[in-house]
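These figures come from a predicted structure and were not determined experimentally. Just so you know, ligand 1 is whichever comes first in the structure, and atom 1 is the first atom listed for that ligand.
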Amino acid sequence: MKRHLDIHKDDTVQVMLGKDRGKRGVVLRTVPATGKIVVKGLNMAKRHQRALTQKGATKVMQGGIVDFEAPLNYSNVMLVCNKCDKPTRIRKTTLPTGQQAIVCVKCGEIYERVKEKV
Ligand SMILES: [Zn+2]
């Protein structure tokens, strides 16, 4: 099931639930198919990695514990408005000029994206 996520890459989000509650970070990637979001530096988890010695490989990967960002549930994070600096939801609106825009539900200001997917 594919669902629309109103959070995109490079947005700042705040975690509302879980061990990282209250922390903020920048979205690295979203996984709309599963409703998951990967946020830089948040929800860190450890993965055990075995040492790799591939035949013909020039580089030997070291084994050990690797830190990585585990995906968060979309429902556990909220977008942070870049105008009022509060966790919020956004809604779509049409400007008097006819242009589509997204606005912050809290302050009503237009939410500006670094990169808007058209
Ligand atoms: Zn706002």
Side-chain angles (χ1 to χ4, degrees):
M1 188 185 75
K2 199 174 178 178
R3 62 186 280 202
H4 174 75
L5 303 184
D6 61 7
I7 293 170
H8 292 189
K9 185 178 180 289
D10 294 328
D11 284 345
T12 299
V13 295
Q14 182 164 329
V15 182
M16 307 311 286
L17 280 170
K19 62 171 180 169
D20 281 334
R21 186 172 56 195
K23 288 187 190 171
R24 290 180 182 189
V26 175
V27 176
L28 288 176
R29 65 177 187 274
T30 60
V31 190
T34 52
K36 300 269 187 178
I37 290 169
V38 180
V39 184
K40 193 178 196 323
L42 293 186
N43 203 29
M44 296 306 290
K46 288 182 195 297
R47 180 181 280 149
H48 292 266
Q49 197 168 58
R50 270 189 211 167
L52 289 176
T53 43
Q54 270 186 313
K55 216 163 99 179
T58 49
K59 208 162 59 173
V60 176
M61 296 250 307
Q62 282 222 308
I65 298 165
V66 179
D67 287 319
F68 72 103
E69 282 104 350
L72 288 152
N73 272 319
Y74 167 71
S75 54
N76 290 358
V77 302
M78 280 185 96
L79 188 69
V80 174
C81 173
N82 45 24
K83 290 276 164 34
C84 65
D85 198 42
K86 290 192 176 86
T88 187
R89 293 287 177 203
I90 50 172
R91 61 182 168 83
K92 288 207 167 83
T93 189
T94 307
L95 299 174
T97 56
Q99 282 179 300
Q100 289 285 318
I102 43 175
V103 295
C104 166
V105 172
K106 289 255 166 77
C107 66
E109 294 287 330
I110 293 170
Y111 180 81
E112 284 164 23
R113 284 225 143 91
V114 184
K115 280 175 285 180
E116 175 63 286
K117 208 163 66 181
V118 182

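Contact record, Thr30 with Lys9: CG2-N, 4.4 Å, taken as the closest heavy-atom pair. Looking at every heavy atom in both residues, Tyr111 comes nearest to Leu79 through OH-CD1, 3.6 Å. The two residues Gln100 and Lys92 come nearest to each other via the heavy atoms OE1-CD, 4.4 Å. Residues Met78 and Pro87 share a closest heavy-atom pair of CB-CB, 4.0 Å.
Between the NZ atom of Lys36 and the CG atom of Asn76 there is a distance of 8.5 Å, given to the nearest 0.5 Å.
The distance cut-off of 2.8 Å around the Zn ion (ligand 1) captures these protein N, O or S atoms, sorted by chain and number: Cys81 SG, Cys84 SG, Cys104 SG, Cys107 SG.
Counting heavy atoms from C-beta on, the side chains of Glu112 and Lys83 come closer than 4.5 Å.
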